[in-house]
J.: 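Next up is a structure, given as structure tokens.
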Amino acid sequence: MQTTEAYDPGAVEAKWRARWAERRTNATDLSHAANPYFNLMMFPYPSAEGLHVGNVFAFVGSDIHGRTRRLQGFDVFEPLGFDAFGIHSENYALKVNTHPGKLIPRNIKRFREQLKRVGLMVDWEHELATIDPAYYKWTQWIFLQLFKAGLAVKKAAPVNWCPECKTVLANEQVIDGFCERHPETKVHQRFLEQWFFTITKYAARLLENLETLDWSDSTRSMQANWIGCSKGADLEFQTSKGESIRVFTTRPDTVFGATWVVLAPEHPMVESLTAAEKRNDVEKYRRRTAAMDIVSRKVGDKEKTGVFTGSYARNPATGEDVPVWVADYVLMEYGTGAIMAVPGHDERDFDFAKKFELAIVRVIEPTQTGPDGEAPELPTTTWEGKLVNSGQFDGMSCATAVGAITEWLEEKGKATSQTHYRLHDWCISRQRYWGPPIPIIYCDKCGTVPVPEKDLPVILPELKDFRPDESGVSPLARLEEWYHVPCPKCGTSARRETDVSDTFLDSAWYFLRYPSTDYPDCAFDPELTKRWLPIAQYIGGNEHAVLHLMYSRFITMALYDLGWLPFEEPYRRFRAHGTIIRDGAKMSKSRGNVVTPDAYIERWGADTFRMYLMFLGPYQEGGDFRDEGIAGIRRFLDKVWSAVDEARSANGSSRPLDPVVQRKLHQTIQKVTDDIEGLRYNTAISSLMEYLNTVRSRAECDGRRTAINAQALNPLLIMLAPFAPHMAEECWESMGHSQSIFDADWPKFDEALALEDQIQLVVQVRGRVRGRVNAVRDISQDDALALALKDERVKKHVGGMEIKKVIFVPGRLINIVVDGK
RNA sequence: GCCCGAGUGGCGGAAUGGCAGACGCGCCGGACUCAAAAUCCGGUGGGGGCAACCUCGUGUGAGUUCGACUCUCACCUCGGGCACCA
């Protein structure tokens with residue numbers, strides 16, 4: 001064997017980076033592709049720290065899928081861009097005292113360089129950045145479409161204010177009452193005029209469509225939870241003054257047990273229902289609640305508080321008057337802001353009844369009784385039971401009673417079947433600088449006027465001092481010459497909206513722009529959009545399950561309704577990837593266990609690093625990064641390298657495929673193809689290793705090492721190419737191919753060639769393995785039994801006992817059941 | 001509290017009703033070497049036995065089955081999501 005150069009990933013990778021760029025290997029012909037496949041990965045936020053190993057893990061997993069699809073004959077479009085607006089960037093800019101307009105492009109440049117080293121099949125000719133006026137022009141355009149359709153509305157509402165960010169936050173950005181980005185900072189409630197997208201109008205559709213999507217179950221259930229559908233009824237409790245309190249309940253079957261009514265402190269009827277002698281108490285209570293921040297109210301200690309209004313309302317079922325209370329455990333933003341309290345069958349109401357000594361009535365006799373046969377102590381919240389103390393409905397099951405009672409009250413005009421959702425409207429206003437200005441102008445004469453489309457984009461002006469302040473007004477308001485603008489309708493002096501929009505709006509439509517990055521005249525070219533969308537596969541993290549993914553579904557659905565898109569769901573298939581941890585813990589700066597990709601790529605090569613990340617565990621679960629393990633992957637690639645070298649330098653390239661290798665090859669094709677399809681990259685890699693081990697050991701067996709040849713190695717290289725693209729290209733070329741390996745065809749699986757003709761049949765006696773016998777694949781049960789009984793060990797365990805039963809699994813196992821003892 | 005996911009060698013993990021521990025790391029032994037590294041070959045769950053073999057073993061406890069890591073029920077632990085949502 002002649003001596004050759006060792007595998008040098010640095011050189012190989014530099015060579016192929018240059019060649020791919022020069023040959024435009026990764027550029028997709030968008031207009032003429034016959035078999036389009038849009039492979040999307042979540043675009044990164046270009047942080048100052050540079051590319052994170054989590055980014056690499058996500059991108060590589062997606063890239064492997066894309067590259068495989070290409071080898072399988074698809075025209076794959078794999079673009080990438082940068083999500084560069086937003087508070088993250090702006091806060092960092094403030095910290096290092098550099099204008100984001102300077103800082104962010106620098107970060108992007110660094111990110112792009114790092115990304116290119118990873119060896120992704122990205123078509124860089126369609127790169128985009130959300131901070132580019134050519135991009136956010138269309139972000140603003142989308143706002144205008146929604147505005148015209150009445151889906152963007154300005155309303156005063158209690159909103160989440162982060163004193164640290166000095167801006168409002170969407171509900172989704174508030175975690176347990178704390179700011180998503182400042183875990184130490186309690187979010188306050190402010191009552192401000194804000195722009196909202198009325199996503200709640202789409203709640204039912206967003207929920208129902210989930211069932212039709214090919215998405216990770218975890219992601220779907222998170223969205224379903226977040227939308228939070230509750231079916232029930234609105235019931236009317238008539239007050240003595242003739243007004244009606246609407247309460248929402250999911251348990252109309254318990255209405256006979258409703259012994260009082262509770263209004264949220266902000267409920268508009270509190271005013272009129274408060275009796276003169278209670279006014280002081282009620283006012284005091286409302287003030288106290290209003291002064292509380294969301295944290296104390298929602299997640300603080302759950303000791304119930306409340307105050308009696310002095311008024312009564314009539315229970316529509318019993319006809320009895322029950323007291324009306326005000327309490328902050330009822331939230332204005334959910335349902336009708338009022339409830340009927342059923343202390344016997346609701347834990348919260350029960351607590352309240354105990355504290356304020358209110359009447360508790362049992363109206364459900366649970367099916368399941370306690371150990372002594374007694375009915376369990378109240379409260380019981382079960383659906384499994386029969387009604388009691390409920391007039392003509394006594395004895396009915398809960399499930400039946402829900403319908404029956406609702407109908408009965410409906411006839412009396414006291415009930416309406418109702419579904420409520422937990423989802424809130426999407427607050428998109430941000431009182432910050434680093435975002436696309438909301439394209440609205442306020443005129444004293446004409447009111448709220450949208451910026452005409454021909455005037456888009458509303459350029460984010462340069463602003464030296466972009467620091468946010470306490471006022472609740474965006475820093476843009478301080479720029480007089482920008483703030484004052486003639487009204488587009490009447491021409492008189494008017495004022496610009498100074499808030500910018502939420503970053504999640506930027507990312508809610510970026511995938512629509514990728515194919516159309518060259519089109520200045522529209523947000524997305526209709527022809528290209530039709531050809532390439534919706535997304536064939538999308539890979540990303542579950543941290544975006546209820547933010548980005550739901551917002552982009554909503555925007556797509558709205559644009560579909562407005563006639564701009566031919567589909568209502570943006571992502572056909574979505575898969576959530578797992579998280580890479582280190583030493584059993586999430587990577588974080590404070591723990592000091594962060595893996596920086598650059599150093600590993602430098603030392604081991606991008607191909608080894610890519611493959612190692614994929615080898616750590618199932619892609620959809622993530623894995624534990626350990627420094628020691630990476631050497632195993634590198635050793636594997638070294639072995640591939642030297643095998644290729646040996647095959648190339650051997651005489652007679654038309655050597656036949658060794659029969660054992662051939663069988664293993666077809667088993668491997670099947671396994672690897674399947675595994676990649678299911679994103680089981682770790683086991684796909686194992687199979688490739690096993691295959692190479694087989695080739696090598698067959699070469700070892702015969703002295704002339706004929707098992708190592710082009711026929712054996714070419715398919716291996718193709719299957720390896722998605723994982724280690726640079727190295728596979730280099731090997732492919734040295735095997736004498738002049739085209740890119742990514743223009744080759746994925747190997748075809750032939751079942752007949754994969755079948756073993758000799759098998760090891762496992763012999764069990766009473767379910768325990770007692771031997772293995774060699775047999776032909778299709779051995780019959782009788783032959784197998786005869787063969788098994790010849791085995792000494794099996795004989796011993798069968799003894800002289802009578803065979804009661806034989807279980808035979810063709811080609812795998814025979815189990816001889818004899819009399820026990 | 002509710003919903004979802006996971007618990008398997010020294011480690012990452014494999015096997016979803018049929019040989020538990022594939023593949024890889026690490027470790028042990030051997031070859032090559034003056035030596036080491038690299039590489040190559042072999043071994044590697046626990047206990048017992050000279051051995052052939054026997055036996056225990058997939059978080060815990062029960063159950064279904066000829067046979068259970070896999071299915072069912074109860075529980076424990078960890079991770080994620082939701083949480084006064086009526």
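Given the structure is predicted, the values throughout are model-derived calculations rather than measurements. The analysis underlying the following values was restricted to heavy atoms, covering all of them including side chains, and did not include hydrogens, waters or symmetry mates. Sequence lines set the chain letters: A, B, ... in the order given, protein chains first and strands last, and positions in each chain run from 1.
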J.: Are any non-hydrogen side-chain atoms of A:Ile339 and A:Val261 less than 4.5 angstrom apart?
T.: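 Answer no - side chains too far apart.
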J.: What I want to find out is whether A:Arg777 reaches A:Glu756 closely enough, with some N-O distance under 4.0 Å, to be called a salt bridge.
T.: no
J.: Is a salt bridge present between A:Asp791 and A:Arg793, judged by a nitrogen-to-oxygen distance below 4.0 Å?
T.: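 Salt bridge between A:Asp791 and A:Arg793, a charged N being under 4.0 Å from a carboxylate O: no.
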J.: For nucleotides B:A22 and B:A14, find the distance between their P atoms and express it as a whole number of Å.
T.: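 Going atom to atom, P in each nucleotide, I get 13 Å.
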J.: Using a 4.0 Å heavy-atom cut-off, does A:Gln764 contact any base of the nucleic acid, only the sugar-phosphate backbone, or nothing at all?
T.: base
J.: Taking any strand in view, what nucleotide pairs with B:C34 in a Watson-Crick or G-U wobble way, both distances under 3.5 Å?
T.: none
J.: When you compare B:G17 with B:C71, how far apart are their P atoms, in angstrom units rounded to a whole number?
T.: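 It works out to 8 Å between them.
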J.: Between B:A68 and B:G59, how far apart are the P atoms? Round to whole Å, please.
T.: 15 Å
J.: Give one of base, sugar-phosphate or nothing for A:Arg680, where a contact means two heavy atoms less than 4.0 Å apart.
T.: nothing
J.: Rounding to an integer number of Å, can you tell me how far A:Met550 CE sits from B:G81 P?
T.: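 These atoms are roughly 15 Å apart.
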J.: Using a 4.0 Å heavy-atom cut-off across all strands, classify A:Thr683 as base, sugar-phosphate, or nothing.
T.: sugar-phosphate
J.: Regarding A:Arg626, tell me which of base, sugar-phosphate or nothing describes its non-hydrogen contacts under 4.0 Å with the strands shown.
T.: sugar-phosphate
J.: Between B:A22, B:C53, B:G80, which nucleotide has the shortest distance from any of its atoms to the side chain of A:Lys586?
T.: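 It is B:G80.
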J.: At a heavy-atom distance below 4.0 Å, what parts of residues 223-232 of chain A sit against RNA chain B?
T.: A:Trp226, A:Ser230
J.: Is any side-chain nitrogen or oxygen of A:Arg772 closer than 4.0 Å to OP1 or OP2 of B:G18?
T.: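 It does not, given that no N or O in the side chain of A:Arg772 lies less than 4.0 Å from OP1 or OP2 of B:G18.
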J.: Is B:A62 paired to anything, Watson-Crick or G-U wobble with both distances less than 3.5 Å, and if yes, which nucleotide?
T.: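 Because both required distances fall under 3.5 Å, B:A62 counts as paired with B:U72.
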J.: In whole angstroms, how far is the P atom of B:C25 from the CD atom of A:Glu628?
T.: 11 Å
J.: If you only use heavy atoms from C-beta on, which nucleotide in B:G24, B:C54, B:G18 is closest to the side chain of A:Arg793?
T.: B:C54
J.: Measure from the side-chain heavy atoms of A:Gln760 and tell me the nearest of B:C19, B:A86, B:C23.
T.: B:C19
J.: Just how far, in rounded Å, is P of B:G24 from CZ of A:Phe609?
T.: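 Those two atoms, CZ and P, are 21 Å apart.
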J.: Atom CD of residue position A:Glu211 - does it have more than 12 heavy atoms of other residues, nucleotides or ligands inside 6.0 Å?
T.: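 Counting other residues, nucleotides and ligands, CD of A:Glu211 stays at 12 neighbours or fewer.
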J.: With heavy atoms under 4.0 Å as the rule, sort A:Asn542 into base, sugar-phosphate or nothing.
T.: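 No contact at all - A:Asn542 keeps every heavy atom at 4.0 Å or more from the nucleic acid.
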J.: Answer with base, sugar-phosphate or nothing: what part of the nucleic acid does A:Lys639 contact at a heavy-atom distance below 4.0 Å?
T.: sugar-phosphate
J.: Which of the following nucleotides, B:A86, B:C19, B:C66, is nearest to the side chain of A:Val817?
T.: B:C66
J.: Would you say B:A14 has OP1 or OP2 under 4.0 Å from some side-chain N or O of A:Asn682?
T.: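 Yes.
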J.: Mind telling me whether A:Phe356 and A:Trp325 have parallel, tilted or perpendicular rings, with 30° and 60° as the class edges?
T.: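 Tilted, since the angle between the ring planes falls between 30° and 60°.
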J.: Base, sugar-phosphate alone, or nothing: which one does A:His424 contact when heavy atoms must sit under 4.0 Å apart?
T.: nothing
J.: What nucleic acid atoms does A:Val247 come within less than 4.0 Å of, heavy atoms only: base, sugar-phosphate, or nothing?
T.: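 A:Val247: no heavy atom of the nucleic acid under 4.0 Å.
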J.: Salt bridge between A:Lys414 and A:Asp234, side-chain N to carboxylate O under 4.0 Å?
T.: no
J.: Taking only side-chain N and O atoms of A:Arg770, does any of them lie within less than 4.0 angstrom of OP1 or OP2 on B:U55?
T.: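 Indeed, a polar side-chain atom of A:Arg770 lies that close.
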J.: From B:A86, B:G24, B:G18, pick the nucleotide closest to the side chain of A:Met689?
T.: B:G24
J.: Under 4.0 Å, counting only non-hydrogen atoms across every strand here, what does A:Val769 touch: a base, just sugar-phosphate, or nothing?
T.: sugar-phosphate
J.: Find the distance A:Leu331:CG to B:A83:P and express it as a whole number of Å.
T.: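 Taking atom P of B:A83 as the reference, CG of A:Leu331 is at 11 Å.
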J.: Can B:G9 be described as syn, meaning its chi torsion is within 90° of 0, or is it anti?
T.: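 Syn, since the glycosidic angle lies within 90° of 0.
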J.: Counting just side-chain N and O atoms, does A:His797 come under 4.0 Å of either OP1 or OP2 of B:C53?
T.: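 No, A:His797 has no side-chain N/O under 4.0 Å of OP1/OP2 on B:C53.
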J.: Does a nitrogen or oxygen in the side chain of A:Arg635 sit under 4.0 Å from OP1 or OP2 of B:G26?
T.: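 Looking at the OP1 and OP2 atoms of B:G26, one of them is under 4.0 Å from a side-chain N or O of A:Arg635.
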J.: Given that both distances must come in under 3.5 Å, which nucleotide forms a Watson-Crick or G-U wobble pair with B:G5?
T.: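 Looking at the geometry, B:G5 pairs with B:C78.
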J.: Expressed as a whole number of angstroms, how long is the span from A:Asp351:CG to B:A86:C1'?
T.: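 Computing the A:Asp351:CG to B:A86:C1' distance gives 14 Å.
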J.: Taking NZ, NE, NH1 and NH2 as the nitrogens, is one of them in A:Glu690 or A:Lys671 under 4.0 Å from a carboxylate oxygen of the other?
T.: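 No salt bridge links A:Glu690 with A:Lys671.
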J.: With the side chain of A:Pro618 defined as its heavy atoms from C-beta on, choose the nearest nucleotide among B:C25, B:A14, B:A86.
T.: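 Looking only at side-chain atoms, A:Pro618 lies closest to B:A14.
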J.: Taking the six-membered ring for Trp, are A:Phe57 and A:Tyr619 closer than 6.0 Å centroid to centroid?
T.: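 Ring-ring flag for A:Phe57/A:Tyr619: true, centres closer than 6.0 Å.
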J.: Can you find a side chain N or O atom of A:Arg768 that sits less than 4.0 Å from OP1 or OP2 on B:C19?
T.: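 Indeed not, no polar side-chain atom of A:Arg768 lies that close.
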J.: Mapping A:Arg812 and A:Gly629 to their closest nucleotides on RNA chain B, which lands nearer the 5' end?
T.: A:Arg812
J.: Identify the nucleotide, in any strand shown, that forms a Watson-Crick or G-U wobble pair with B:G26, with both distances under 3.5 Å; if there is none, say none.
T.: B:U44
J.: Salt bridge or not for A:Asp638 and A:Arg635, using N-O below 4.0 Å?
T.: no
J.: May I ask which nucleotide in the shown strands pairs with B:U16, Watson-Crick or G-U wobble, both distances under 3.5 Å?
T.: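 Checking every strand shown, B:U16 finds no partner, since no pair has both distances under 3.5 Å.
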J.: Can we say A:Arg634 and A:Asp607 salt-bridge, meaning some charged N sits less than 4.0 Å from an Asp/Glu carboxylate O?
T.: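 No, no charged N to carboxylate O under 4.0 Å.
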J.: Whole angstroms only, please: what is the NZ-P distance between A:Lys804 and B:G67?
T.: 10 Å
J.: Would you kindly compare A:Ile630 and A:Leu616 by the position of their nearest RNA chain B nucleotide and give the one closer to the 5′ end?
T.: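 Taking each residue's closest nucleotide, the earlier one in sequence belongs to A:Leu616.
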J.: Please state the C1' separation for the pair B:U70 and B:G29 - nearest whole angstrom.
T.: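 About 37 Å, rounded to a whole number of Å.
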J.: Do any side-chain nitrogens or oxygens of A:Arg422 fall under 4.0 Å of OP1 or OP2 in B:A83?
T.: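 So the side-chain polar atoms of A:Arg422 do come within 4.0 Å of the phosphate oxygens OP1 or OP2 of B:A83, strictly under.
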J.: Without hydrogens or angle criteria, can the side chains of A:Asp328 and A:Thr289 be said to hold a donor-acceptor pair below 3.5 Å?
T.: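 Short answer, no.
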